[in-house]
Amino acid sequence: MAGFAELGLSSWLVEQCRQMGLKQPTPVQLGCIPAILEGRDCLGCAKTGSGKTAAFVLPILQKLSEDPYGIFCLVLTPTRELAYQIAEQFRVLGKPLGLKDCIVVGGMDMVAQALELSRKPHVVIATPGRLADHLRSSNTFSIKKIRFLVMDEADRLLEQGCTDFTVDLEVILAAVPARRQTLLFSATLTDTLRELQGLATNQPFFWEAQAPVRTVEQLDQRYLLVPEKVKDAYLVHLIQNFHDEHEDWSIIIFTNTCKTCQILCMMLRKFNFPTVALHSMMKQKERFAALAKFKSSIYRILIATDVASRGLDIPTVQVVINHNTPGLPKIYIHRVGRTARAGRQGQAITLVTQYDIHLVHAIEEQIKKKLEEFPVEEAQVLQILTQVNVVRRECEIKLEAANFDEKKEINKRKQMILEGKDPDLEAKRKAELAKIKQKNRRFKEKVEQTLQRQKASRANRRGRPPRARPEASLSPAPAQGPA
Ligand SMILES: Nc1ncnc2c1ncn2[C@@H]1O[C@H](COP(=O)(O)OP(=O)(O)OP(=O)(O)O)[C@@H](O)[C@H]1O
């Protein structure tokens with residue numbers, strides 16, 4: 001099998017790989033590095049934890065070493081934590097170059113970022129919202145001459161999810177040169193392939209891992225069918241078991257909302273599990289601190305929303321628990337991909353209620369694999385059920401007292417102001433829209449009722465003997481209903 005040198009990388013980069021413990025290129029690196037070095041655009045779709053980051057970092061560093069200037073490369077990524085992780089790979093692999101990088105993400109000091117940008121770093125790693133803010137408000141830097149535009153988790157950047165990047169991307173794409181190399185990577189590119197192909201038009205090279213199953217082989221994937229009301233007791237039971245059976249363990253638990261994330265974190269702490277939370281309602285500094293504590297194994301449990309579902313590379317994670325069944329198969333693929341990375345073993349357990357069974361079927365269809373049931377001693381769960389429910393209720397009350405919902409509302413208003421919207425006007429518009437919707441609903445119900453009445457009266461009439469009409473004698477009489 002070809003080594004890094006055979007892919008066309010310089011000896012200093014091969015040495016950096018060796019120092020980092022990267023002995024042989026992974027398949028996505030084997031496929032994409034030569035194409036990128038040739039100057040082609042690249043779309044790389046490979047499983048989670050398969051080394052996509054180095055597949056673009058290495059050839060970019062090689063090209064940068066041949067013609068160093070700033071700003072040479074712009075990397076866009078959907079989350080702030082991921083931006084720091086990518087920057088670290090650039091720093092470690094690009095150490096001999098004296099690489100200057102700049103991280104431009106929300107929640108951090110904008111003035112300091114503007115200063116750093118004006119010093120022409122070689123590589124800028126950014127989340128779209130904050131970079132677009134800088135482009136709108138400042139002319140002290142330019143990305144007009146970049147050689148590389150990378151979109152990591154490219155499908156997430158393009159889709160219109162709860163955080164919609166499209167407006168910010170328009171601003172960024174208008175500021176980068178048409179002549180550039182565009183590199184797009186993700187474990188789930190196929191949904192947005194057409195849009196992505198529109199971005200990468202320079203002899204695009206498409207690399208996709210050929211495998212019957214879309215998740216990694218070393219991942220043991222299970223489901224646990226639980227009634228909604230006892231979900232938390234099952235969660236506590238699962239964690240207690242891992243705690244008892246394994247010396248060295250790290251778990252990521254995914255939840256669907258910030259509030260659930262916060263409540264479960266408080267609850268698990270009450271049971272003395274070393275838990276930290278990560279969600280978008282936390283201050284950025286708290287987010288970084290939580291992740292650092294988890295990465296260094298001071299805290300063994302990270303409970304997070306989907307803000308942590310993509311890209312995070314924490315090799316010690318052995319188990320992922322989905323507290324809710326993800327509504328989309330690709331969210332499932334990214335979440336469970338936080339374990340079993342780079343050839344390691346891992347386990348994923350998804351808690352499924354009777355209302356989510358169709359979601360599991362959709363996941364199985366997409367990943368092309370059946371999930372197996374995770375065996376649990378139900379009697380043991382029932383023993384802790386009341387205690388868990390009481391503790392959860394206590395945590396809910398505590399959180400309500402801390403005005404969590406109110407803070408959420410304030411955050412929403414702040415976000416609107418940052419987006420140039422008037423929160424009061426938006427609220428008014430929302431209320432009006434709700435009114436119109438309600439009116440439409442009532443109208444629909446009325447129409448529906450009228451139609452039902454008409455139908456019933458027609459049926460009644462059919463049940464009665466026909467009136468004597470001249471034609472009646474020409475056709476057979478309708479069947480008579482019971483009297
Ligand atoms: N050639 C290699 N040999 C061994 N380990 C590697 C190699 N390349 C990368 N790795 C390691 O594999 C791990 C996962 O890599 P990376 O984070 O780039 O995965 P990814 O494909 O981007 O995953 P995701 O889709 O979840 O973002 C990292 O810890 C990285 O250091």
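Atoms within each ligand, like the ligands themselves, are counted from 1 in listed order.
- The nearest protein atom to atom 6 (C) of ligand 1, hydrogens excluded, is given as L22 CD2, 3.4 Å; this is a heavy-atom distance.
- Checking Y332 against E364 by side-chain atom types alone, no donor-acceptor pair falls below 3.5 Å.
- A donor atom on one side chain and an acceptor atom on the other are not found under 3.5 Å apart for D109 and Q113.
- Defined by atom type and a distance below 3.5 Å, a donor-acceptor pair is missing between the side-chain atoms of Q318 and H246.
- Between F148 and F56, the ring centre distance reaches or exceeds 6.0 Å.
- Of the protein's non-hydrogen atoms, the one nearest atom 8 (N) of ligand 1 is Q29 NE2, 2.8 Å.
- More than 12 heavy atoms of other residues, nucleotides or ligands lie within 6.0 Å of NZ in K295, so this atom counts as buried by the packing criterion.
- Considering backbone and side-chain atoms alike, T53 places an N or O below 3.5 Å from some N or O of ligand 1.
- Counting only non-hydrogen atoms, the option in T188, V92, D313 that gets closest to atom 29 (O) of ligand 1 is D313.
- Here the protein heavy atom with the shortest distance to atom 21 (O) of ligand 1 is K52 NZ, 2.8 Å.
- In terms of polar-atom proximity, F4 is not counted as a contact of ligand 1, lacking any N or O under 3.5 Å from an N or O of the ligand.
- In this structure, R338 is part of the shell of residues with a heavy atom less than 4.0 angstrom from ligand 1.
- At the shortest separation from atom 23 (O) of ligand 1 among protein heavy atoms lies G49 N, 2.8 Å.
- Of the options R344, Q85, R341, K47, the smallest heavy-atom separation from atom 17 (O) of ligand 1 is shown by R341.
- Close approach to E153 involves these atoms of ligand 1, each under 4.0 Å from a residue heavy atom: 27 (O).
- Judged by distance alone, the side chains of R344 and Q218 never bring a donor and an acceptor atom under 3.5 Å apart.
- Residue T26 has at least one heavy-atom neighbour below 4.0 Å for each of these atoms of ligand 1: 1 (N), 2 (C), 7 (C).
- A donor-acceptor contact closer than 3.5 angstrom is absent between the side chains of E153 and T77.
- Checked by distance only, ligand 1 and A342 stay at 3.5 Å or farther apart across all their nitrogen or oxygen atoms.
- Between K330 and E159 there is a salt bridge, since a side-chain N of the basic residue sits under 4.0 Å from a carboxylate O of the acidic one.
- Closest heavy-atom approach to atom 2 (C) of ligand 1 among the candidates K23, M20, Q24, R310: Q24.
- Defined by atom type and a distance below 3.5 Å, a donor-acceptor pair is present between the side-chain atoms of R80 and Q284.
- Taking any N or O of S50, backbone or side chain, at least one lies under 3.5 Å from an N or O belonging to ligand 1.
- A side-chain donor from one of H323 and D232 sits under 3.5 Å from a side-chain acceptor of the other.
- Here F56 has no heavy atoms under 4.0 Å from ligand 1, in either its backbone or its side chain.
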